[in-house]
Amino acid sequence: MPELPEVEIIKNNLSDYLVNKTFHSIKVFTSKLRYKIPHNLAESVKNQRVTHISRVAKYIIVSLDNNYALLIHLGMTGNFLINTKKKNQKDSKHVRIRFVMSDESKIDYVDIRKFGFFKLVTPQKNEIRKLLAELGPDALSDEFNTNYLQNTLKNRTVNIKSALLNQKIVGGIGNIYASEALFRAKISPITESKKIAKDKIKISDLVSSIKFILNDAIQVGGSTIKDHKNMKGESGYFQYKFNVYNRENMECNDQNCDSKIKRIVQTGRSSFYCEKCQKTGSR
DNA sequence: AGCGTCTCCTGCTTGC
DNA sequence: TGCAAGCAGGAGACGC
């Protein structure tokens with residue numbers, strides 16, 4: 001579910017809610033998510049104040065008073081929800097971890113498919129730095145620009161759609177926004193990456209399309225396909241602005257185009273595009 | 001190094 | 001209606 005815009009929204013919600021609050025306790029309801037949950041998670045954050053929350057690509061970093069940090073990835077179905085249940089109400093399903101703050105407010109980490117993860121990062125072994133070194137620049141950062149992308153793609157034979165999903169090339173783009181950005185840039189998803197890299201204007205179009213789509217999605221609260229919601233449980237509505245994603249056989253939204261949106265599978269994932277509007281050749 | 005395939009887990013949708 | 005198969009937004013391990 002969550003790509004960069006959804007993670008950004010969740011991060012902002014978490015910041016509003018958690019910064020300067022202190023953890024009272026943590027209840028863990030599952031032995032493992034994607035990875036085993038650190039056994040010392042609860043004791044390491046207990047009585048620690050949240051100093052800062054940030055986002056890099058699809059990762060959320062919760063920094064604590066004692067210089068520890070929680071590195072969080074939401075996988076496909078992870079989310080944080082404010083727990084507002086009354087005493088006799090049942091817990092919502094799939095709550096994997098519950099954070100109880102010292103003011104008695106509760107935040108639930110909910111993750112149906114358990115592909116998310118929590119890592120405890122100690123000040124000594126800085127896993128965050130290690131992770132960032134392996135990750136490409138965040139799609140909304142200044143480091144992700146025309147020169148960088150052109151250089152990175154110039155020897156790549158993989159199709160451009162799969163390249164955009166590769167977090168080592170660029171951080172934060174997932175399956176939805178890859179298709180939407182390629183539509184906006186009028187580039188076919190099956191184009192070989194290095195072919196696009198030869199055309200600086202195309203690369204520049206692609207970079208600005210990616211940034212535009214991601215920012216646009218953040219503005220409207222992200223995309224709610226199945227279950228992305230903000231912490232209060234409100235849905236986003238970028239899904240109503242999709243031009244191609246999930247629109248197989250529907251009419252292309254381009255005013256001058258009478259073609260229908262096509263769905264193909266690339267490296268095991270759906271890609272949606274308009275064959276007429278999105279070209280593989282040079283302009 | 002770069003690329004393609006497979007896998008983790010659960011729920012929803014689709015088709016018989 | 002019931003059931004099984006197929007699909008899903010992510011990323012890492014593995015083999016070539």
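Note that the structure is predicted; figures quoted are calculated from it, not measured. Letters A, B, ... are given to chains in the order of the sequence lines, protein chains preceding strands, and every chain is numbered from 1.
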- Message: Once salt bridge (charged side-chain N to carboxylate O under 4.0 Å, His left out) is applied, do any residues pair with A:Arg113, and if so which ones, sequence neighbours excluded?
- Response: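 With sequence neighbours excluded, A:Arg113 shows a salt bridge (charged side-chain N to carboxylate O under 4.0 Å, His left out) to no residue whatsoever.
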Measure [atom1]/[X] against [atom2]/[N] and give the value in whole Å, please.
X: A:Ile176; N: C:dA8; atom1: CD1; atom2: P; result: 12 Å
X: A:Ile112; N: C:dA8; atom1: CD1; atom2: P; result: 16 Å
X: A:Leu4; N: C:dG10; atom1: CG; atom2: P; result: 11 Å
X: A:Asn79; N: C:dG9; atom1: CG; atom2: P; result: 17 Å
X: A:Ile72; N: C:dG10; atom1: CD1; atom2: P; result: 18 Å
X: A:Leu135; N: C:dG10; atom1: CG; atom2: P; result: 13 Å
X: A:Phe238; N: C:dG9; atom1: CZ; atom2: P; result: 16 Å
X: A:Glu248; N: C:dC7; atom1: CD; atom2: P; result: 11 Å

- Is DNA chain C part of any stem, that is, at least 3 consecutive Watson-Crick or G-U pairs with both distances under 3.5 Å, and where?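 Stem list for DNA chain C: B:2-8 with C:10-16, B:10-16 with C:2-8.
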- Report yes if at least one side-chain N or O of A:Thr77 is closer than 4.0 Å to OP1 or OP2 of B:dC9; otherwise report no.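 False: A:Thr77 side-chain N/O out of range (4.0 Å or more) of B:dC9 OP1/OP2.
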- Within less than 4.0 Å of OP1 or OP2 of B:dG11, is there a side-chain N or O belonging to A:His94?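 True: A:His94 side-chain N/O within range (under 4.0 Å) of B:dG11 OP1/OP2.
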- What pairs of residues pass the salt bridge (Lys or Arg N to Asp or Glu O under 4.0 Å) test when at least one of them lies in residues 137-154 of chain A, not counting sequence neighbours?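 Every salt bridge (Lys or Arg N to Asp or Glu O under 4.0 Å) pair that includes a residue of residues 137-154 of chain A, provided the two are not neighbours, is A:Arg55-A:Asp138.
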- Scan residues 250-271 of chain A for pairs that pass salt bridge (Lys or Arg N to Asp or Glu O under 4.0 Å), counting only residues two or more places apart or in two chains.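 Every salt bridge (Lys or Arg N to Asp or Glu O under 4.0 Å) pair that includes a residue of residues 250-271 of chain A, provided the two are not neighbours, is A:Lys186-A:Asp254, A:Asp258-A:Lys276, A:Lys262-A:Glu275.
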- Expressed as a whole number of Å, how far does the P atom of B:dG11 sit from that of C:dG12?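 The answer is 24 Å between these two P atoms.
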- Pick the P atom in C:dG6 and in B:dC6, then give their distance to the nearest Å.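 These two P atoms come out 14 Å apart once rounded.
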Which donor-acceptor pairs under 3.5 Å do side chains of residues 35-45 of chain A form with protein atoms, sequence neighbours excluded?
{"from": "A:Ser44", "atom 1": "OG", "to": "A:Asn40", "atom 2": "O", "distance (Å)": "2.6"}

- Item | Cluster companions of A:Leu81 among Ile, Leu, Val, Met, Phe, Trp, Tyr (side-chain spacing under 4.5 Å) |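 Cluster partners of A:Leu81: A:Phe29, A:Val95, A:Val110.
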- For residues A:Tyr59 and A:Ile72, determine if any side-chain heavy atom of one lies less than 4.5 Å from a side-chain heavy atom of the other.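 When only atoms from C-beta onward are counted, A:Ile72 and A:Tyr59 do not touch, as no gap falls below 4.5 Å.
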- With sequence neighbours excluded, what pairs up with A:Thr267 under the side-chain hydrogen bond (donor to acceptor under 3.5 Å, both in side chains) test?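 For A:Thr267, the residues satisfying side-chain hydrogen bond (donor to acceptor under 3.5 Å, both in side chains) (neighbours in sequence not counted) are A:Ser162.
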- Task: Using side-chain hydrogen bond (donor to acceptor under 3.5 Å, both in side chains) as the criterion, list what pairs up with A:Asn249, not counting sequence neighbours.
- Result: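 With neighbours one apart ignored, the set is empty.
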- Note on the structure: Reading nucleotides 11-16 of chain C from 5' to 3' and marking B where a protein heavy atom lies under 4.0 Å of the base, S where only the sugar-phosphate is that close, and - otherwise, the string is BS----
- Out of C:dA8, B:dC9, C:dG9, which nucleotide sits closest to the side chain of A:Phe115?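 Nucleotide nearest to A:Phe115's side chain: B:dC9.
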- Task: Remember a base hit wins even if backbone is also touched, and classify A:Tyr177 as base, sugar-phosphate or nothing at under 4.0 Å, heavy atoms.
- Result: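 No contact at all - A:Tyr177 keeps every heavy atom at 4.0 Å or more from the nucleic acid.
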- Axial cation check for A:Phe242 ring with A:Arg247, 6.0 Å and 45° limits: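 Relative to the ring axis of A:Phe242, which defines the angle, A:Arg247 lies outside at least one limit.
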- So which pairs with a foot in residues 160-211 of chain A pass ring pair (Phe, Tyr, Trp, His ring centres under 6.0 Å), sequence neighbours left out?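 Only A:Tyr177-A:Phe238 qualify under ring pair (Phe, Tyr, Trp, His ring centres under 6.0 Å).
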- Message: For A:Leu4 versus A:Lys58, what's the shortest heavy-atom pair and its separation?
- Response: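 Of all heavy-atom pairs spanning A:Leu4 and A:Lys58, the closest is N-CG, 4.3 Å.
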- Residues forming a ring pair (Phe, Tyr, Trp, His ring centres under 6.0 Å) with A:Phe23, sequence neighbours excluded: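 Counting only residues at least two positions away or on another chain, A:Phe23 forms a ring pair (Phe, Tyr, Trp, His ring centres under 6.0 Å) with A:Phe99.
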Polar-atom pairs under 3.5 Å, protein N or O versus N or O of nucleotides 1-4 of chain B: list them with distances, or write none.
{"from": "B:dC3", "atom 1": "OP1", "to": "A:Thr157", "atom 2": "N", "distance (Å)": "2.6"}
{"from": "B:dC3", "atom 1": "OP1", "to": "A:Thr157", "atom 2": "OG1", "distance (Å)": "3.2"}
{"from": "B:dC3", "atom 1": "OP1", "to": "A:Val158", "atom 2": "N", "distance (Å)": "3.1"}
{"from": "B:dC3", "atom 1": "OP2", "to": "A:Arg156", "atom 2": "NH1", "distance (Å)": "2.8"}

